Amino acid sequence: MLKGKVAVVTGGSRGIGAAICKLFAENGADIAFLYAGNTQKAEETQSLLENLGVKAKGYQCNVADAAQTAAVVKEIVADFGGVQILVNNAGITKDKLIPMMKAEDFDAVVDTNLKGSFYMIKQVYPLFLKQKAGKIINISSVSGLIGNAGQANYSASKAGLVGLTKSVAKELASRGVCCNAIAPGFIATDMTETFAVNEEIKNAIPMKRFGKTDDVAKLALFLASDASDYITGEVIRIDGGMAM
Ligand code: NAP
């Protein structure tokens with residue numbers, strides 16, 4: 001489905017991002033993925049992808065740093081010859097109730113989750129305009145749609161991604177570029193490890209289970225492929241019915 005395409009996936013070394021990289025690679029895409037600092041995990045993911053027979057490379061880059069995103073996209077274009085798909089998946093949490101939440105906690109989460117996505121979009125924007133094609137997929141969260149106590153910073157960043165997605169979609173719709181968001185509920189990864197044993201949370205999900213990283217990857221594949229060419233500015237929940 002993605003043969004001949006180059007996909008850039010932020011936070012592609014672990015969790016949902018790694019599952020997206022793997023499924024995209026299985027579908028023929030070459031993969032440039034970004035990670036924050038866990039080099040060992042990034043090297044493991046890179047070899048796994050290379051073993052699938054595609055070109056793959058991990059780049060250490062803090063998406064919250066505009067200059068680093070500019071440099072890394074330049075490097076990726078030099079290495080891969082172009083970019084056709086961008087998945088803004090890198091994200092962090094710093095959960096606390098507002099009285100305990102420091103301004104730095106708020107800024108760090110918004111800088112990574114929201115501004116990081118803006119910086120990456122800014123870098124691929126001229127490329128996508130020029131080639132009159134491209135797919136941008138932003139990984140939001142149900143927390144950005146319905147809010148969550150203890151996640152004011154995270155929910156604000158993920159709600160911001162919804163506005164960013166729709167604005168980018170409107171700017172680029174007539175140029176053949178689609179921009180959509182995915183809003184996962186609870187997906188079993190390092191990020192949700194602390195919740196994993198909480199039966200109460202599971203019972204609040206109509207499907208009574210956490211999602212799998214592959215569930216999200218399959219939706220990302222659809223949005224990255226030409227099967228979704230007439231869909232833009234959409235936010236798709238993938239949450240076992242939690243936020244309906
Ligand atoms: P994860 O397992 O914690 O992995 C996070 C990934 O992002 C890692 O590859 C990490 O790199 C990278 N990263 C973190 N900060 C970065 C930065 N500043 N610059 C570049 N890369 C950075 O996370 P996940 O659970 O897979 O979540 C992925 C996305 O889905 C996030 O945006 C998250 O908010 C969203 N989401 C997750 C869930 C869920 O239930 N898991 C639900 C809704 C939405 P290192 O390995 O180097 O640290």
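Please read these numbers as outputs of a predicted model, since none were measured by experiment.
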Asks: Do Leu164 and Ser117 have side-chain heavy atoms sitting under 4.5 Å apart?
Replies: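 Leu164 vs Ser117: side chains touch.
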
Asks: Could you walk me through whether Thr112 and Val63 pass side-chain contact (heavy atoms from CB on, under 4.5 Å), step by step?
Replies: CA-CA 6 Å; Thr112 302; Val63 294; 4.2 Å; yes

Asks: Within this structure, what is the CG-CG distance for the pair Asn89 and Asn138, rounded to the nearest 0.5 Å?
Replies: 10.5 Å

Asks: Would Lys135 and Ser228 satisfy side-chain contact (heavy atoms from CB on, under 4.5 Å), going step by step from the backbone distance to the final call?
Replies: CA-CA 10 Å; Lys135 300 277 192 177; Ser228 61; 3.4 Å; yes

Asks: Roughly how far, to the nearest 0.5 Å, is CD1 of Ile121 from OG of Ser167?
Replies: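 Those atoms lie 9.5 Å apart.
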
Asks: Taking all heavy atoms of Phe80 and all of Ala32, pick out the closest pair and write down the distance.
Replies: CE1-CB, 3.8 Å

Asks: Kindly compute the distance separating NZ (Lys158) from CG (Leu161), expressed to the nearest 0.5 Å.
Replies: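 Those atoms lie 5.5 Å apart.
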
Asks: Counting only heavy atoms not in Lys212, do more than 12 fall under 6.0 Å of its NZ?
Replies: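 Atom NZ in Lys212 is not packed in, count stays at 12 or less.
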
Asks: Is Thr213 close to Thr189 at the side-chain level, that is, under 4.5 Å between some pair of heavy atoms?
Replies: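 Result yes, sub-4.5 Å side-chain heavy-atom pair found.
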
Asks: How long is the straight-line distance from CG of Leu86 back to OG1 of Thr10, given to the nearest 0.5 Å?
Replies: 7.0 Å

Asks: Please give me the minimum heavy-atom distance between Ala108 and Lys94, naming the atom from each residue.
Replies: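 Shortest heavy-atom contact: CB-CE, 3.8 Å.
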
Asks: Do Leu127 and Val77 have side chains that approach each other closer than 4.5 Å (heavy atoms only, starting at C-beta)?
Replies: yes

Asks: Is the shortest heavy-atom distance from the side chain of Met242 to the side chain of Phe186 under 4.5 Å?
Replies: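 Yes - at least one pair of side-chain heavy atoms lies under 4.5 Å apart.
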
Asks: Between Thr232 (side chain) and Cys179 (backbone), is there a donor-acceptor pair under 3.5 Å?
Replies: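 Judged by distance alone, yes, a pair lies under 3.5 Å.
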
Asks: Report the C-alpha distance between Asn148 and Tyr154 in whole Å, list the side-chain angles of each, state the deciding distance to 0.1 Å, and finish with yes or no for side-chain contact (heavy atoms from CB on, under 4.5 Å).
Replies: CA-CA 9 Å; Asn148 198 16; Tyr154 184 76; over 6 Å; no

Asks: Is the shortest heavy-atom distance from the side chain of Gln84 to the side chain of Gln131 under 4.5 Å?
Replies: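 Sidechains of Gln131 and Gln84: in contact.
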
Asks: Evaluate the criterion side-chain contact (heavy atoms from CB on, under 4.5 Å) for residue pair Ile139 and Val87; output intermediate values, then yes/no.
Replies: CA-CA 7 Å; Ile139 308 296; Val87 183; 4.2 Å; yes

Asks: Pair up each side-chain donor or acceptor in residues 15-31 with any protein partner under 3.5 Å, not counting sequence neighbours, and list the distances.
Replies:
| from | atom 1 | to | atom 2 | distance (Å) |
| --- | --- | --- | --- | --- |
| Lys22 | NZ | Glu26 | OE2 | 3.0 |
| Asn27 | ND2 | Leu23 | O | 2.9 |
| Asp30 | OD1 | Lys55 | N | 2.9 |

Asks: Using the rule that Ile, Leu, Val, Met, Phe, Trp and Tyr join whenever any side-chain heavy atoms are under 4.5 Å apart, tell me whether Val110 and Met120 fall into a single cluster.
Replies: yes

Asks: Would you indicate whether the side-chain heavy atoms of Asp215 and Ile187 approach each other to under 4.5 Å?
Replies: no

Asks: OG/Ser141 to CD1/Ile238 distance, rounded to the nearest 0.5 angstrom?
Replies: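 Between atom OG of Ser141 and atom CD1 of Ile238 there are 12.5 Å.
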
Asks: Quick one: does any side-chain atom of Thr45 pair with a main-chain N or O of Ser13 as donor and acceptor, under 3.5 Å?
Replies: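 Pair found, side chain donor or acceptor close to backbone of Ser13.
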
Asks: With the side chain counted from C-beta on, respond yes when Val235 and Lys166 share a heavy-atom pair under 4.5 Å apart, and no when they do not.
Replies: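 Val235 vs Lys166: side chains touch.
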
Asks: Go through the structure and list residues passing side-chain hydrogen bond (donor to acceptor under 3.5 Å, both in side chains) with Gln123, not counting sequence neighbours.
Replies: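 By the side-chain hydrogen bond (donor to acceptor under 3.5 Å, both in side chains) rule, Gln123 matches no residue at all.
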
Asks: If you look at every heavy atom in Asn180 and Gly233, which pair is closest and at what distance?
Replies: OD1-N, 3.2 Å

Asks: Work out which heavy atom in Glu50 is nearest to a heavy atom in Ala56; give both atom names and the distance.
Replies: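 It is OE2-O, 3.4 Å.
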
Asks: Atom OH in Tyr35, atom CZ in Arg14: separation rounded to 0.5 Å?
Replies: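 Here the interatomic distance stands at 12.5 Å.
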
Asks: Do Lys202 side-chain atoms and Arg209 backbone N/O form a donor-acceptor pair below 3.5 Å?
Replies: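 No; judged by distance alone, with no hydrogens or angles, the pair does not exist.
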
Asks: When you measure from the side chain of Asp105 to the backbone of Lys96, do you find a donor-acceptor pair of N or O atoms at a distance under 3.5 Å?
Replies: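 It does not hold such a pair.
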
Asks: Is the shortest heavy-atom distance from the side chain of Ile205 to the side chain of Phe210 under 4.5 Å?
Replies: yes

Asks: Suppose the criterion is side-chain hydrogen bond (donor to acceptor under 3.5 Å, both in side chains): which pairs have a residue in residues 59-68, not counting sequence neighbours?
Replies: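 Output for this query lists Tyr59-Asp79, Asp65-Gln68.
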
Asks: Got a salt bridge between Asp190 and Lys41, using NZ or NE/NH1/NH2 to carboxylate O under 4.0 Å?
Replies: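 No, this pair does not count.
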
Asks: Same hydrophobic cluster for Val83 and Leu172, using side-chain heavy-atom links shorter than 4.5 Å among ILVMFWY?
Replies: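 Yes; tracing contacts between hydrophobic side chains, which count when under 4.5 Å, links both residues.
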
Asks: Any chain of hydrophobic side-chain contacts (each under 4.5 Å) joining Ile136 to Ile76?
Replies: yes

